[in-house]
Amino acid sequence: MSATAAARKRGKPASGAGAGAGAGKRRRKVSMALLRAAVSPATRTTVIPSRGPGSGLAPRKPEEEEEEELEETAQEKKLRLAKLYLEQLRQQEEEKAEARAFEEDQVAGRLKEDVLEQRGRLQKLVAKEIQAPASADIRVLRGHQLSITCLVITPDDSAIFSAAKDCTVIKWSVESGRKLHVIPRAKKGAEGKPPGHSSHVLCMAISSDGKYLASGDRSKLILIWEAQSCQHLYTFTGHRDAVSGLAFRRGTHQLYSTSHDRSVKVWNVAENSYVETLFGHQDAVAALDALSRECCVTAGGRDGTVRVWKIPEESQLVFYGGLPCQWGLHGSVALWGLSKKRPLALQREAHGLRGEPGLEQPFWISSVAALLNTDLVATGSHSSCVRLWQCGEGFRQLDLLCDIPLVGFINSLKFSSSGDFLVAGVGQEHRLGRWWRIKEARNSVCIIPLRRVPVPPAAGS
């Protein structure tokens with residue numbers, strides 16, 4: 001019997017490698033048996049740790065459960081980011097398309113406005129938005145010794161040219177109110193001295209590009225100036241009486257002039273040349289104006305007519321006011337249309353009456369201005385105010401908006417191109433005579449701000 005067998009018989013462990021191998025097999029068998037017992041349904045127990053208040057463990061959040069349940073793969077993440085990127089591109093393209101459509105609408109609207117303006121049919125309704133300015137907001141510029149007779153505003157609204165009975169022309173800065181240049185009075189027969197006017201300046205006009213300034217006086221002369229530097233360029237002669245009206249055709253350097261000699265003359269300022277003379281009025285012409293078409297409008301005096309001159313056809317349309325009186329002495333304001341020979345609207349005694357009871361007379365209308373392509377009109381007299389009017393629907397009526405207090409003869413009125421302000425030339429005397437003298441008035445240029453307040457839409461509109 002071997003030693004191993006004898007040891008096994010006595011119950012003693014065997015020595016050496018054989019004994020170690022046997023012990024290892026026995027341990028594996030015991031471990032497998034314990035594992036089977038642990039996982040068997042009969043003996044298995046599950047211990048769930050408590051997450052209550054006394055457990056010391058924080059309760060599980062719903063987000064953690066969702067993250068555990070919804071684990072995003074790399075492919076799903078790529079797909080999600082691609083969809084998000086495409087959505088952003090779609091939104092950007094929609095915004096660009098809206099911007100392009102808005103720009104196209106703006107361009108189309110602007111082209112439509114230009115066409116209507118050229119045809120003389122553009123009308124913007126702004127009168128109801130105008131708020132009456134306070135007296136403290138009116139800026140007064142003083143520099144002339146005698147009554148202001150006429151004024152113009154540069155196309156960019158940066159400067160004002162004013163002229164007066166003292167035969168001077170002053171250029172003002174709108175922003176600062178200071179004098180930029182003064183064209184002094186010229187003495188008669190003084191040769192070799194700076195040119196200027198030697199008699200009352202009655203009218204002025206500035207070209208639409210702001211290059212040329214024209215001024216006319218009682219001495220039958222028209223002086224042409226460079227508007228920027230106020231340097232004298234030309235002198236036009238030909239009228240046989242006082243020059244009463246001047247106007248440039250918009251977009252050109254063609255100049256129209258009218259006079260108390262009853263004629264209308266056409267000049268080319270850029271070429272320093274005379275073009276032609278038109279006749280038709282039966283008395284002195286009081287005023288003249290023009291727009292972009294090759295025609296001009298004149299208002300007669302005692303002949304009581306308004307005439308539209310068609311230059312290429314050498315023809316004229318005659319409109320009869322039915323009130324033959326010179327320079328608005330009857331105190332009425334008339335609104336005209338090209339389709340009828342009579343006024344579309346007539347506002348009698350537009351500035352009221354003056355005088356003792358039983359001997360009342362209307363205040364003379366000494367100046368009229370309209371904001372281009374709108375329904376806003378301003379009138380001046382010596383009734384201590386400037387009146388703003390609204391042209392009614394279809395130009396069938398004139399409705400009073402407000403009164404702006406100004407003491408003196410309102411001899412000239414001009415709206416700025418933007419419509420932000422109105423300029424009034426005020427004097428102690430009427431621009432054409434010395435019938436009255438208002439001593440408390442100041443010979444000045446008044447800048448009247450025009451603030452706009454949007455009108456709320458009507459209920460249900």
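Keep in mind it's a predicted model, so treat the numbers as computed, not measured.
Looking at residues two or more places apart in sequence or on another chain, you find no salt bridge (Lys or Arg N to Asp or Glu O under 4.0 Å) involving Asp209.
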* To do: Kindly determine whether Leu255 and Val266 satisfy side chain to side chain contact (heavy atoms under 4.5 Å, CB included), including the steps that lead there.
  => CA-CA 6 Å; Leu255 176 68; Val266 184; over 6 Å; no

* To do: For side chain to side chain contact (heavy atoms under 4.5 Å, CB included), just list the numbers for Val306 and Thr298, CA-CA rounded to whole Å, side-chain angles, deciding distance to a tenth of an Å, and then say yes or no.
  => CA-CA 6 Å; Val306 173; Thr298 57; over 6 Å; no

* Asked: Given the rule in the side chain to side chain contact (heavy atoms under 4.5 Å, CB included) test, do Arg452 and Ile130 qualify, once you have shown the distances and angles that lead to the verdict?
  -> CA-CA 5 Å; Arg452 298 186 186 181; Ile130 300 298; 3.9 Å; yes

* Give the C-alpha distance, both sets of side-chain angles, the deciding distance and a yes or no for side chain to side chain contact (heavy atoms under 4.5 Å, CB included) between Tyr85 and Leu89. => CA-CA 6 Å; Tyr85 177 66; Leu89 289 180; 3.4 Å; yes

* Start with the C-alpha gap between His239 and Asp261, add the side-chain angles, then the distance that decides, and say whether side chain to side chain donor-acceptor pair (under 3.5 Å) holds. => CA-CA 7 Å; His239 281 294; Asp261 64 5; 3.2 Å; yes

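Inter-residue side-chain proximity for Val264 and Thr277 is flagged as unmet; no heavy-atom pair is nearer than 4.5 Å. Counting heavy atoms from C-beta on, the side chains of Asp375 and Val126 come closer than 4.5 Å. Inter-residue side-chain proximity for Gln390 and Lys128 is flagged as met; some heavy-atom pair is nearer than 4.5 Å. You'll find the side chain of Glu294 reaches within 4.5 Å of the side chain of Gln254, heavy atoms only. Looking at Leu413 and Val386, their side chains come closer than 4.5 Å, going by heavy atoms from C-beta outward. Inter-residue side-chain proximity for Leu398 and Val333 is flagged as met; some heavy-atom pair is nearer than 4.5 Å. A heavy-atom distance below 4.5 Å is found between the side chains of Phe421 and Val174. Val423 is listed as a side-chain neighbour of Val445, based on a closest heavy-atom distance under 4.5 Å.
Ring orientation note: the planes of Tyr212 and Phe248 are close to parallel, at an angle under 30° on the 30°/60° scale. Note on ring orientation: taking the six-membered ring where Trp is involved, the planes of Phe236 and Trp267 are parallel (angle under 30°, cut-offs 30° and 60°). Ring orientation note: the planes of Phe409 and His382 are close to parallel, at an angle under 30° on the 30°/60° scale.
With a 6.0 Å radius and a threshold of 12 heavy atoms from other residues, nucleotides or ligands, Arg262 has its CZ atom at or below the threshold. Counting heavy atoms of neighbouring residues, nucleotides and ligands inside a 6.0 Å radius, atom CD of Gln145 does not exceed 12 of them. Atom CZ of Phe279 sits in a crowded spot, with more than 12 heavy atoms from other residues, nucleotides or ligands closer than 6.0 Å. Under a cut-off of 6.0 angstrom, the local environment of CD in Gln91 is crowded, with over 12 non-hydrogen atoms contributed by other residues, nucleotides or ligands. Within 6.0 Å of atom CD in Glu313, more than 12 heavy atoms from other residues, nucleotides or ligands are found, so the atom counts as buried in its surroundings. Summarising the local packing, CD of Glu393 is surrounded by 12 or fewer heavy atoms from other residues, nucleotides or ligands at distances under 6.0 Å. Taking a 6.0 Å sphere around CZ of Arg80, one finds it holds more than 12 heavy atoms contributed by other residues, nucleotides or ligands. For Glu360, the CD atom is densely surrounded, since the number of other residues' heavy atoms within 6.0 Å is greater than 12.
In this structure a side-chain-to-backbone donor-acceptor pair under 3.5 Å is present from Gln282 to Gly280. In this structure, Ser444 contributes its side chain and Arg442 its backbone to a donor-acceptor pair below 3.5 Å. Remark: the backbone N or O of Ser263 is not paired with any side-chain donor or acceptor of Ser259 at under 3.5 angstrom. For the pair Thr258 (side chain) and Val285 (backbone), a donor-acceptor distance under 3.5 Å is absent. A donor-acceptor contact shorter than 3.5 Å links the side chain of Ser367 to the backbone of Ile410. Looking only at distances, no side-chain donor or acceptor of Asp217 sits under 3.5 Å from a matching main-chain atom of His200. A donor-acceptor pair under 3.5 Å is formed between the side chain of Lys165 and the backbone N or O of Gly433. In this structure a side-chain-to-backbone donor-acceptor pair under 3.5 Å is missing from Thr149 to Arg431. Listed for the Arg249 side chain is a donor-acceptor partner under 3.5 Å among the backbone atoms of Ser292. Here the side chain of Asn411 pairs no donor or acceptor atom with the backbone of Gly425 at under 3.5 angstrom.
When all heavy atoms of Arg218 and Leu202 are compared, the closest pair comes out as CG-CD1, 3.8 Å. When all heavy atoms of Ala369 and Phe415 are compared, the closest pair comes out as O-CE1, 3.6 Å. Heavy-atom minimum distance, Leu388 versus Ala378: CD2-CB, 3.7 Å. Scanning all heavy atoms of the two residues, the minimum distance from Ser417 to Asp157 falls at N-OD1, 3.0 Å. The shortest heavy-atom contact between Thr252 and Ser208 is N-OG, 4.2 Å. Closest approach of Thr379 to Val368, counting heavy atoms only: CG2-CG2, 4.3 Å.
No hydrogens or angles considered: nothing links the side chains of Ser219 and His197 as a donor-acceptor pair under 3.5 Å. Between the side chains of His351 and Ser383, at least one donor N or O sits under 3.5 Å from an acceptor N or O.
Between Lys265 and Glu276 there is no salt bridge, since no side-chain nitrogen of the basic residue lies less than 4.0 Å from a carboxylate oxygen of the acidic one. Under a 4.0 Å N-O distance rule, the pair Glu93/Arg90 does not qualify as a salt bridge. At a threshold of 4.0 Å, the pair Asp137-Arg451 counts as salt-bridged, since one of the basic side-chain nitrogens sits closer than that to a carboxylate oxygen.
Here the straight-line distance linking atom CG of Leu346 with atom OG of Ser332 works out to 5.0 Å at 0.5 Å rounding. Separation of atoms CZ (Arg354) and CH2 (Trp364) is listed at 7.0 Å; rounding is to 0.5 Å. Here the NE2-CH2 distance, from His232 to Trp225, works out to 5.5 Å after rounding to the nearest 0.5 Å. In this structure, OG in Ser215 is found 9.0 Å from CD1 in Ile222, a value given to the nearest 0.5 Å. With rounding to the nearest 0.5 angstrom, the CD1 atom of Ile206 is 12.5 Å from the NZ atom of Lys211. Summarising the geometry, atom NZ belonging to Lys179 is positioned 10.5 Å from atom CZ belonging to Arg142; distances are rounded to the nearest 0.5 Å.
In summary, the aromatic rings of His430 and Trp435 are positioned with their centroids under 6.0 Å apart.
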